[in-house]
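A short write-up of the structure that comes next.
Just so we're clear, the structure is a prediction, and the values are computed from it rather than from any experiment.
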2 protein chains.
Amino acid sequence: MIIGALSRGPMRFNALRRLIGGVSQRMLTLTLRGLERDGLVTRTVYPTIPPRVDYALTPIGQTLTEPLRVLSDWAMAYQSAIETAQDAYDSAQENL
Amino acid sequence: MIIGALSRGPMRFNALRRLIGGVSQRMLTLTLRGLERDGLVTRTVYPTIPPRVDYALTPIGQTLTEPLRVLSDWAMAYQSAIETAQDAYDSAQENL
DNA sequence: CCGTATCCGCACGGATACTG
DNA sequence: CAGTATCCGTGCGGATACGG
């Protein structure tokens with residue numbers, strides 16, 4: 001989701017947090033550090049007050065947006081079919 | 001990896017286990033049950049001795065092979081670049 | 001605003017033993 | 001062969017508090 005959010009341009013920490021939704025501050029930080037370590041995301045600090053930090057995709061990070069978009073499209077397309085299958089599976093398990 | 005392995009045709013439990021490698025019996029079973037619940041994989045039992053169980057992709061499961069192959073191709077292409085980035089990041093952390 | 005530090009519950013997954 | 005059952009350590013991630 002971070003890769004997808006940054007695919008349209010750099011974004012600040014809290015903007016990212018609001019856009020993704022349901023992510024704790026801790027996990028967003030840890031995930032961003034991981035992506036930074038992997039060379040997929042850059043972190044730029046502007047020494048202003050209040051502080052400002054921009055996150056952006058590196059060239060390699062941008063190459064990942066397409067594969068992830070393909071996967072995301074698949075998930076959107078089959079989400080309801082999969083939920084239906086789960087319901088059928090679960091109710092079949094009850095009758096044992 | 002299970003989806004990728006089954007993309008070329010049905011496969012038995014232990015064949016799958018050997019092909020994937022490094023997966024415990026427990027985790028392979030749990031993962032297969034999850035895929036079955038999601039309607040991505042079918043489980044077929046042949047009541048022979050010794051028992052035989054075939055796993056195969058459902059039509060929906062087959063639609064997932066392409067998105068995953070795209071992602072896998074990306075991983076193969078950038079694996080070494082990412083490892084290099086990690087090494088650079090880690091050695092930069094040491095000097096603090 | 002953008003984090004880090006600390007505590008803690010819990011569930012993930014390995015190891016092992018057992019079974020039809 | 002293809003599992004299930006049980007025990008158990010560890011690490012993930014939430015919650016909370018604090019700081020530049």
Side-chain angles (χ1 to χ4, degrees), chain A residues 1-58 61 68 82 86 89-96, chain B residues 1-58 61 68 82 86 89-96:
Chain A
M1 293 175 72
I2 293 174
I3 300 290
L6 293 180
S7 67
R8 294 180 184 174
M11 205 173 291
R12 303 180 60 174
F13 185 85
N14 279 336
L16 215 43
R17 186 147 137 75
R18 278 189 297 272
L19 183 59
I20 291 178
V23 62
S24 67
Q25 191 174 38
R26 172 189 153 87
M27 279 316 295
L28 183 55
T29 299
L30 286 178
T31 306
L32 284 168
R33 292 291 176 278
L35 293 172
E36 194 189 354
R37 188 178 108 101
D38 294 340
L40 302 179
V41 161
T42 58
R43 178 173 183 268
T44 310
V45 182
Y46 301 91
T48 60
I49 296 188
R52 169 180 174 169
V53 180
D54 269 17
Y55 291 93
L57 294 183
T58 64
L68 287 187
I82 286 175
Q86 290 170 348
Y89 187 98
D90 292 347
S91 62
Q93 295 301 314
E94 288 176 8
N95 310 334
L96 293 183
Chain B
M1 295 175 71
I2 293 173
I3 300 290
L6 293 180
S7 67
R8 294 180 184 174
M11 205 174 290
R12 304 180 61 175
F13 185 84
N14 279 336
L16 215 43
R17 187 147 136 76
R18 278 187 298 271
L19 183 59
I20 291 178
V23 61
S24 66
Q25 191 173 38
R26 172 189 152 89
M27 280 314 297
L28 183 56
T29 300
L30 285 178
T31 305
L32 283 168
R33 290 292 175 279
L35 292 172
E36 193 189 354
R37 186 179 109 102
D38 294 341
L40 302 179
V41 160
T42 58
R43 178 173 183 269
T44 311
V45 181
Y46 300 91
T48 60
I49 296 188
R52 169 180 175 171
V53 179
D54 270 17
Y55 290 94
L57 293 183
T58 63
L68 287 188
I82 287 176
Q86 291 171 348
Y89 187 97
D90 292 348
S91 62
Q93 295 302 313
E94 288 175 8
N95 311 334
L96 294 182

* Could you tell me, to 10°, how much the axis swings from one end of the helix from C:dC1-D:dG20 to C:dG20-D:dC1 to the other, five pairs per end? =>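 Comparing the axis at each end, I get an angle of 50°.
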
Value in whole Å for how far the [atom2] atom of [N] lies from [atom1] of [X]:
| X | N | atom1 | atom2 | result |
| --- | --- | --- | --- | --- |
| B:L28 | D:dT4 | CG | C1' | 14 Å |
| B:L30 | C:dG14 | CG | C1' | 12 Å |
| B:M27 | C:dT16 | CE | P | 18 Å |
| A:R43 | C:dC1 | CZ | P | 16 Å |
| A:N14 | C:dC1 | CG | C1' | 6 Å |
| B:Q93 | C:dT4 | CD | P | 11 Å |
| A:I49 | C:dG3 | CD1 | P | 16 Å |

* Matching residue for B:M1 among B:L16, B:L6, B:I20 - test: side-chain contact (heavy atoms from CB on, under 4.5 Å) -> B:I20

* **Positions of residues 16-26 of chain B (non-hydrogen atom under 4.0 Å from DNA chain C), listed by number** => B:S24, B:R26

Looking at every non-hydrogen atom in both residues, tell me the closest pair between [X] and [Y] and how far apart they are.
| X | Y | value |
| --- | --- | --- |
| B:I82 | A:D38 | CG1-O, 3.7 Å |
| B:T58 | B:G39 | OG1-O, 2.7 Å |
| A:R43 | A:V45 | NH1-CG2, 3.7 Å |
| A:A5 | A:L19 | CB-CD2, 3.7 Å |

* Asked: How many angstroms lie between atom CD1 of B:I2 and atom CE of B:M11, to the nearest 0.5 angstrom?
  -> 11.0 Å

Within-4.5 Å side-chain heavy-atom neighbours: [X] and [Y]:
| X | Y | result |
| --- | --- | --- |
| A:R52 | A:D54 | yes |
| B:L32 | B:F13 | yes |
| A:R12 | A:Y46 | no |

* Asked: Start at the 5' end of DNA chain C and walk down; is the nucleotide closest to B:P51 or to A:A15 reached first?
  -> A:A15

* Under-4.0 Å side-chain N/O to phosphate OP1/OP2 contact, A:Y55 with C:dG3 ->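 Affirmative; the distance criterion is met.
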
* Structure fact -> Out of C:dG3, D:dG3, C:dG13, minimum distance to the side chain of B:F13 belongs to D:dG3

* To do: Name the closest nucleotide to the B:R33 side chain, picking from C:dC2, D:dG14, D:dG3.
  => D:dG3

